[in-house]
Amino acid sequence: MKFLIEIIEQSLESAVADYGVSDTWKSALGPSREKGQADVTLPCFVIAKELKRNPMEIASELAEKVNGEFHVSATGGYLNFKANAEWLVDKVLKWEKPSPNNQILIEHTSANPNGPFHVGRARNAILGDSLVRLHRLYGNKVRAEYYVDDMGKQVAVLAWALENLSKEMVNQILSDRDGMNPKWEGKPDHETVRWYQAAQALRSENNQEIEDAISKLVHDSENGNDDVLQQFENAYKPVLDGMLETLSRLGIGFDTFTKESKFVVDGSVSTLMDELSSLEINGIAENGAQYLDLGQRGLKGKTEFFYRRGDGSSLYATRDIAYHIWKWSQTDHLINVLGEDHKLQAKQVGLTLKELGHEVPEVLFYAFIKLPEGKMSTRKGNVVFMDDLLEEAKFHAAEVVRELRTDLSEEQINHIAEAVGVSAVRFNITKVSPDKGFTFRWEEALSFEGGSAPFVMYSHTRACSIANKVGKDANLESRGEIIDSVYELARSMGVFQDKLEISVLDNKPHIFANYLLELATAYNAFYRDCHILTSDGLNEFYYALSEKARYMLGIGMEGIGVIPLEEM
RNA sequence: GGCCCUAUAGUGUAGCCUGGAUAUCACAGUGGCUUGCGGAGCCACGAACCCGUGUUCGAAUCGCGGUGGGGCCGCCA
């Protein structure tokens, strides 16, 4: 509760000054560990140590000296502060979201356009989009960008397959695998990925002719051959469209798409390579390939970072550096969302950017989602497609809605089930800390109980229902008796800004997701204890709180892509 | 083999940087709550710091050594 800490610090300032100790106590003043006892706590051990006195005495003395819009108590060396109820409620009802309005570019997803999204790849998109949304909620100006990998081996394989394999051949090559879900017939990412998989199967048989053909395509594309790049685009574009359709269902969209080939075609890659070759840490291999010795800049392990092949062409990482230099020309602040397999690469790119005098982007790394039987692979085909998961989630949600709401039409049920399904899928991925891996389990992904999106959605819906019944705006100036559950709700609402800030500044959407569960819980208890509409009429104070909570729940849910419904 | 990430109740999660109170919150579990603004709810109760060791008055937090899980170590992307 930052606004509480501020006034406490002011008040403590003079009291502590009497002791003549250093300022280190300020960093110790923070959110209380014992939530039941206090909002903010100052452990007095540091001060006591400096004075060589008993911390319990210090705490008691300080408790006598400070005063403000809070209750203070000293227990066992701790100075505990609890916000004054009236003051806190006033703060909360008057809260408005601030607008730092920083320019920021977030690049996320950027998946190779060679097949449908599976749950593993989707973690990037869901985390990235949550970051985009949370930054916007925080008041920043965000541009969401997708880096289209329109060259290189993956696309080459796809383009080769589409050029050289008939549908019959593909079906035959993949005859030992599960067929395509008929539901996705005609959806280009699902259709086309089979060509990709068939080609990969053929390649695993060590067919030199195919390898040569693909290599030629790769090199032509890397040299900026227009015809080949066009052939690639024809191959991947429909796949990308199919992928974007899935993302759009998840509420994920982009402001700009930038093609990797752009930096080859416009010459910036070759300019970059010349620039790199003049650096003092540049090295040249026997066949003319060039690298930077990043060991001299502190990189451990493999220290040679190759950016130019023996034949003079660029590598993926080289183009990534050119891309980053361009990105820095577009924005003041940069965040990338990357899988943990890109850690080394990101380190190399970062060190190189630094060497060139550029800044290093912030990166949100995430661990992979695996299946109980092992990791997912588009190439091998052992994946859970996001399209399938969304369908299952919707189906499951519809069953629940149909049971609970016999008064609704199928059309309404369909609408609600879609929102619930999408929200639940997103929430279940968002609530987990990005740097922890997890195993995908159907029963968990489809669980709408517990700490899931529908729980939050339901609280919001209740608040909407009340607002509809009242039928007018709340008067946020209204005040009234503050009983326990009102106070607890106000405490929860009071940390909205703190939780948002932590999530945004530390790139941790899961913190905010977990917070929304708390806020919803607090609202539910308030809802039970504090009737807004009674036989005596409308309780204006409770209604004001309910409306502010509804507002916070609503914008909070949108901040992580959970859809706020008025009815469910 | 080397480097990096990770480990907190059945599950997810906070706290770790900057050592200090009975370790946060939520779900699941068990027991309770139907004349109630929507019961997808509410209340109560059990339940955790990976192991060892060192430093310290005091360690989830710091050091050292292990173990489990994940990732990387291509002139691939």
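Below, chains carry the letters A, B, ... as their sequence lines are ordered, and counting in each starts from 1.
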Is A:Ser465 touching bases, backbone alone, or none of the nucleic acid, heavy atoms closer than 4.0 Å?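 A:Ser465: base contact, heavy atoms under 4.0 Å.
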Are OP1 or OP2 of B:A40 and a side-chain N or O of A:Tyr458 less than 4.0 angstrom apart?
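For B:A40, OP1 or OP2 has a side-chain N or O of A:Tyr458 closer than 4.0 Å.
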Listed by chain and number, what are the salt bridge (charged side-chain N to carboxylate O under 4.0 Å, His left out) partners of [X], not counting sequence neighbours?
| X | result |
| --- | --- |
| A:Arg309 | A:Glu222 |
| A:Lys259 | A:Glu233 |
| A:Glu567 | A:Arg405 |
| A:Glu304 | none |

Distances under 3.5 Å only, N/O to N/O: pair up the protein atoms with those of nucleotides 66-71 of chain B.
residue : atom : partner  : partner atom : Å
B:G70   : O2'  : A:Glu340 : OE2          : 2.7
B:G71   : O2'  : A:Glu340 : O            : 3.1

Q. For residues 488-507 of chain A, which residue pairs qualify under salt bridge (charged side-chain N to carboxylate O under 4.0 Å, His left out), counting only residues two or more places apart or in two chains?
A.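 Salt bridge (charged side-chain N to carboxylate O under 4.0 Å, His left out) check on residues 488-507 of chain A returns A:Lys2-A:Glu501, A:Asp39-A:Arg491, A:Glu488-A:Arg491.
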Parsed dot-bracket for RNA chain B after applying the Watson-Crick and G-U rules with both distances under 3.5 Å and | for other-strand partners is (((((((..(((.......[....))).(((((.......)))))....(((((..]....))))))))))))....
Practice problem: Check RNA chain B against residues 212-224 of chain A and give the residues with a non-hydrogen atom under 4.0 Å, in numerical order. | Solution: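 Here the set is A:Glu222.
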### Task
May I ask you to list the residues of residues 397-404 of chain A, by number, that have any heavy atom positioned under 4.0 Å from an atom of RNA chain B?
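Close to the strand are A:Val400, A:Val401, A:Leu404.
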Report the nucleotide, chosen from B:U13, B:A77, B:C75, that has the shortest atom-to-atom distance to any side-chain atom of A:His510.
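Among the listed nucleotides, the one closest to the side chain of A:His510 is B:U13.
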Taking only residues two or more places apart in sequence, or in another chain, which ones meet A:Tyr551 in a side-chain contact (heavy atoms from CB on, under 4.5 Å)?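 Expected list: A:Trp95, A:Lys97, A:Ile555.
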A:Thr41: side-chain contact (heavy atoms from CB on, under 4.5 Å) partners, not counting sequence neighbours: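 Applying side-chain contact (heavy atoms from CB on, under 4.5 Å) to A:Thr41 gives A:Ser32, A:Ala38, A:Pro43, A:Tyr78, A:Asn80.
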For nucleotides 59-65 of chain B, 5' to 3', base contacts (B), sugar-phosphate-only contacts (S) and non-contacts (-) with protein non-hydrogen atoms under 4.0 Å give -B-----
So, under a plain 3.5 Å distance rule, would you say the side chain of A:Asn287 forms a donor-acceptor pair with the base of B:C75?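 Flag set: donor-acceptor pair detected.
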